[in-house]
Amino acid sequence: FRTWLTSFLAGKEEAYLKSEEVPIANDEPVKVVVAKTFDEIVNDPTKDVLIEFYAPWCGHCKSLAPIYDKVAQALLKENDVVLAKMDATANDVPAPYEVSGFPTLYFSPKGAKKSPKRYNGGREHDDFIKYLSAEATSEMQGFDRSGNAKKSDL
């Protein structure tokens, strides 16, 4: 015990963190977050992040998945906005996030990572687009602040 305590006090011991393995590839439109990558992805100070905490067995989560994927696909050209998901049954959820049911969604804006906003809006494609368009720290390239697609200059 003395050896461990000395090592702990010297900062050589890592605290236990329940985490799935870090994905080898994370190139899908919705980024997969595990406890070990939470800071890197969700707390990235250069990105606005909408994160879904889900449970693999949850019917509501399964219903949301194709809609969430479609929203992420629509936002692929938005360099400052990330849609992410984390299995909250297999990973520790860090404070200040509170998950008591599934799915639970939070918006973590640039510059305010210590005070994410719980998302309580609609669960349809347009609901997410309108919310993110209005809440994004910087106006999105493809949508105005009301969530309307911007006309492209052809």
Side-chain angles (χ1 to χ4, degrees), residues 14-152 154:
E14 262 185 51
Y16 174 76
L17 184 64
K18 179 179 167 186
S19 180
E20 292 178 292
E21 290 300 314
V22 175
I24 294 170
N26 203 0
D27 51 8
E28 294 298 317
V30 175
K31 301 303 172 205
V32 175
V33 176
V34 298
K36 292 177 183 175
T37 62
F38 195 91
D39 279 341
E40 174 189 337
I41 297 172
V42 180
N43 289 335
D44 179 341
T46 67
K47 306 287 186 197
D48 290 329
V49 181
L50 182 66
I51 179 151
E52 173 199 7
F53 296 99
Y54 72 94
W57 45 259
C58 167
H60 294 293
C61 301
K62 290 176 184 177
S63 296
L64 178 61
I67 297 165
Y68 203 64
D69 288 342
K70 187 177 174 187
V71 172
Q73 190 70 40
L75 299 177
L76 277 179
K77 293 182 182 176
E78 303 297 336
N79 297 325
D80 296 343
V81 179
V82 173
L83 265 68
K85 65 182 181 180
M86 184 168 113
D87 179 349
T89 66
N91 296 279
D92 283 340
V93 176
Y97 296 87
E98 294 181 8
V99 177
S100 57
F102 301 107
T104 298
L105 293 103
Y106 277 90
F107 180 67
S108 180
K110 291 187 250 181
K113 297 297 180 175
K114 294 202 183 298
S115 52
K117 303 173 185 178
R118 189 167 188 148
Y119 176 80
N120 292 312
R123 303 288 170 97
E124 297 300 324
H125 179 271
D126 289 347
D127 298 322
F128 287 115
I129 295 293
K130 287 177 184 175
Y131 177 83
L132 290 168
S133 296
E135 294 293 324
T137 306
S138 304
E139 186 170 337
M140 293 199 286
Q141 298 171 13
F143 298 91
D144 65 21
R145 288 290 185 181
S146 298
N148 300 310
K150 291 181 179 177
K151 304 262 190 262
S152 61
L154 295 178

Worksheet entry | Gap separating the CZ atom of Arg118 from the OH atom of Tyr106, nearest 0.5 angstrom | 4.5 Å

Worksheet item: Does the side chain of Val42 come within less than 4.5 Å of Tyr97's, by heavy atoms?
Response: yes

Item to complete: Look only at the side chain of Lys117 and the backbone of Glu135, and say whether a donor-acceptor pair between them is shorter than 3.5 Å.
Response: no

Practice prompt. I would like to know whether Lys36 and Glu21 meet side-chain contact (heavy atoms from CB on, under 4.5 Å); could you show each step before the answer?
Written response: CA-CA 8 Å; Lys36 292 177 183 175; Glu21 290 300 314; 4.3 Å; yes

Fill in: Nearest heavy-atom neighbours spanning Ala136 and Arg145
O-NH1, 2.6 Å

Worksheet entry | Aromatic ring pairing Tyr131/Tyr119, orientation class (parallel under 30°, perpendicular over 60°, tilted between) | perpendicular

Worksheet entry | Heavy-atom side-chain contact between His60 and Pro103 under 4.5 Å | yes

Practice prompt. Taking atom NZ of Lys130 as the centre, report whether more than 12 heavy atoms of other residues, nucleotides or ligands fall under 6.0 Å from it.
Written response: no

Discussion item. Could you tell me if Asn91 and Asp87 have a donor-acceptor pair between their side chains, going purely by distance under 3.5 Å?
Written reply: no

Fill in: Asn26 side-chain N/O to Lys31 backbone N/O, donor-acceptor pair under 3.5 Å
no

Worksheet item: Is there a side-chain contact (heavy atoms from CB on, under 4.5 Å) between Tyr54 and Lys62 once you walk through the steps?
Response: CA-CA 9 Å; Tyr54 72 94; Lys62 290 176 184 177; over 6 Å; no

Worksheet item: Is it the case that more than 12 heavy atoms not belonging to Lys70 sit under 6.0 Å from its NZ atom?
Response: no

Worksheet entry | Pairwise side-chain contact, Leu50 with Val71, heavy-atom cut-off 4.5 Å (strictly under) | no

Worksheet item: Phe53 vs Phe38 aromatic rings, parallel, tilted or perpendicular, using cut-offs 30° and 60°?
Response: parallel

Worksheet entry | Euclidean distance, Glu52 CD relative to Leu83 CG, rounded to 0.5 Å | 9.0 Å

Item to complete: For Asn79, enumerate each residue passing the side-chain contact (heavy atoms from CB on, under 4.5 Å) test, keeping only those at least two apart in sequence or located in another chain.
Response: Gln141

Discussion item. Between Glu40 and Lys47, does any side-chain N to carboxylate O distance fall below 4.0 Å?
Written reply: no

Worksheet entry | Asp127 (side chain) donor-acceptor with Glu124 (main chain) under 3.5 angstrom | yes

